[in-house]
Amino acid sequence: MAAFISNSLSLFTLIFILSAAAFPHSSAAYHLKLPLLHTNPYPPTPSEALSADNRRLSILFSAVRNHLHPQLPVTSAASFGSGQYLVSLHLGTPPQPLLLIADTGSDLTWVSCSACRRHCSPRTPTFYPRHSATFTPYHCYDKTCNHVPHPKERPHCNRTRLHSTCRYEYSYADGSVTNGFFSRETTSFNTTAGKLLKFQHFSFGCGFWNSGLSFNVGDGVLGLGRGPISFSSQLGREFGHKFSYCLMDYTLSPPPTSYLQIGGGSAKLSYTPLLINPLSPTFYYIRIEGVSINGVKLRISPSVWAIDEYGNGGTVVDSGTTITFLPEPAYRRILAVFERAVKLPESAKPVPGFDLCLNVSAASRTSLPQLSFKLGGGAVFSPPSRNYFIDAAEGAKCLALQPVATDAGFSVIGNLMQQGFTFEFDKDRSRLGFTRHGCAAP
C-alpha cells in the first residue's frame, strides 16, 4: 500500500528520536516474532484483490532465535474481501487488542480511535484513549510534532490555546486519508515464555477522521516502511534495524501460520541491495536486471527497470499490494512468451482484469513455465508458478501480473509473488534477503 504525504518541505521528511523503552538494550539477543495466522478460509476473489490494488496504485505513480519470542497474531484479511495481512497489536494500559494492516509501503502506524466521526472502520474494537492510563497526545509545541504532516486547512498549532494537540494528516495512493492526533502510548507483547514485554512512548496516529477504500479492513495500519517513525524503525534500537516475514497462502484450509519478526536474522539468505529513491524514501526499492522464462533471458531494455532523475520507475517490494505490477514493455514481453510457452488451452470464459487465463479443468497435472527475476547483486528470485498463476475461477488459472501503464509508475512485487518465502529487510546494511528455508511452501 503506497503512502503519499503532502508536505511543503519534501515527500517524506519525517524525523523521529526514539524515546526510552522498557526492553534490555541488546539487539543481538532479542527479537519480536509475530505469528501470521489466518482466521477465515474464504479468500477474496482475484477480481476483488486486483480492484483493490488498482485503486491503491492509481494515484501515486509519479542470528539465532533467543528464548524470548514476543508473538502477536497476524491474520488474513480474506474474510473482508482483501488480500492483505493483519497484525494483532496491543495498545494502552490496560492493553487493548487491535488488528492492523501490515504495510511495507507506508511509515505511520495509526489506529481508528473511539471518537472517529466518519468513514470509521466497521470492525470492533477500536482504540479507546479514555480507557488507557498511558495515552498522551503530543502537544503542538513538542518538536516531535514537526515530524508528521499537518492538515492544510488549519494551522497545526493554535498559539492561543494552552492545550493545543498535535494534528496530523497522512494520505495514501488511492486518495485515502487518516487525520487525527499524533500521540504516544505503551504497546505490549506476549512472549512464548509467558512474559509480557512493554514498549513505552510508542508514537502513533490516533485517527478520528479516516476516509477512503484503504480502510475497509482492520482497525488501522502498521507502517513498516523505511522512514524513522515506522513500527520497525521505532523498535529498531532494541532489536536491530531489520525485520522479516513469511507470508503464507491464505486460500489453504486449514490456514497455515506465517510470521512477522522484528529483529533477529535468518541464515542462508540470498541478498540484493536496497536502493534509495530520494523522492520516495519510504519504499523498499530493489533493482531488476533481467527476467527469464524457463531459463531463457527475455530481451527487455535495462532502462525499463531504472529509476529516472525525477524519481519515476524502479521496483518496490510491498506487502500491502496483492498483484505484481510490471512496466508495460516488460509485461507485454512476458505475456507474449507465456502465451507461446504454455501447453494448455486458454479459458473459454475470460476472467475480468486478467489478460491470460488457462483452462485447467481437464488437466490432471498442471506444468507451467518458470518465471525468474535476476536482481542486483547477482541474486535470482524464482517463485513457484502458483505465485503468479492463480486459481481465478473454476477450472481456470490466470496470470497474476498487471502492467504499469504510466511513465511515472513504479513496479510492485506484491504479496502473492512473495508467498512461501522468508523476506528479511535489513535497513542497517541496506539489503533485502530472501529464502524458501524456514518458510513452509504455500
Strictly distance-based, threshold 3.5 Å: is any side-chain N or O of [X] a donor or acceptor partner for the main-chain N or O of [Y]?
X	Y	value
Asn415	Ser319	yes
Asp103	Val221	no
Asp426	Arg431	no
Ser382	Ser372	no
Thr109	Gly223	yes
Ser171	Val177	no
Asn359	Ser361	yes
Ser211	Ser176	no
Asn294	Gln370	yes
Asn179	Glu169	no

Within a strict 4.5 Å, meaning less than it, do heavy atoms of the [X] and [Y] side chains meet?
X	Y	value
Thr315	Val412	no
Ser367	Lys343	no
Thr321	Val316	no
Leu399	Glu339	no
Pro403	Arg332	yes
Ser203	His147	no
Met417	Leu401	yes
Lys397	Leu368	yes

Roughly how far apart are [X] [atom1] and [Y] [atom2], rounded to 0.5 Å?
X	Y	atom1	atom2	value
Ile288	Leu326	CD1	CG	6.5 Å
Phe421	Cys246	CZ	SG	10.5 Å
Ile413	Ile323	CD1	CD1	12.0 Å
Ile262	Ser244	CD1	OG	8.0 Å
Tyr331	Thr324	OH	OG1	12.0 Å
Ser411	Asp318	OG	CG	12.5 Å

Which pair of non-hydrogen atoms, one from [X] and one from [Y], has the smallest distance, and what is that distance?
X	Y	result
Gly205	Tyr168	CA-CE2, 3.6 Å
Thr126	Ser112	CB-O, 3.2 Å
Pro329	Val304	CB-CG2, 4.2 Å
Pro273	Gly376	CD-O, 3.1 Å
Pro278	Pro281	O-CD, 3.5 Å
Cys357	Phe354	SG-CB, 3.8 Å

Checklist entry - Hey, mind stepping through Tyr85 and Tyr245 against side chain to side chain contact (heavy atoms under 4.5 Å, CB included) and telling me if it holds? => result CA-CA 11 Å; Tyr85 290 82; Tyr245 58 61; over 6 Å; no
Item to check | With Arg287 via side-chain hydrogen bond (donor to acceptor under 3.5 Å, both in side chains) - residues at least two apart | outcome: Glu289
Checklist entry - Thr144 and Phe182: side chain to side chain contact (heavy atoms under 4.5 Å, CB included), yes or no, with the steps? => result CA-CA 9 Å; Thr144 307; Phe182 193 49; 3.8 Å; yes
Checklist entry - Per the side-chain contact (heavy atoms from CB on, under 4.5 Å) rule, which among Phe204, Tyr138, Phe202 passes with Arg184? => result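 Of all the options given, the one that passes is Tyr138.
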Next on the checklist: For Ser232, run the side chain to side chain donor-acceptor pair (under 3.5 Å) check against Lys427, His241, Lys242, Arg226 and tell me which one passes.
Outcome noted: Lys427
Checklist entry - Checking ring-ring contact (aromatic ring centres under 6.0 Å, His included) against Phe425, which of Tyr271, Phe283, Tyr284 comes through? => result Tyr284
Item to check | Crowding at CD1, Ile276 (>12 non-hydrogen neighbours, <6.0 Å) | outcome: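 12 or below, so no.
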Item to check | Evaluation steps, side chain to side chain contact (heavy atoms under 4.5 Å, CB included), between Asp219 and Val111 | outcome: CA-CA 6 Å; Asp219 301 311; Val111 301; 5.5 Å; no
Checklist entry - In terms of ring plane angle, is the pair Phe381 and Phe423 parallel, tilted or perpendicular, where the classes change at 30° and 60°? => result perpendicular
Checklist entry - Quick check, are the ring centers of Phe243 and Phe231 under 6.0 angstrom apart? => result no
Next on the checklist: side chain to side chain contact (heavy atoms under 4.5 Å, CB included) for Leu371 and Ile293? Distances and angles first, verdict last.
Outcome noted: CA-CA 5 Å; Leu371 176 67; Ile293 295 180; 4.0 Å; yes
Item to check | Donor-acceptor pair between Asn210 and Thr178 side chains, under 3.5 angstrom | outcome: yes
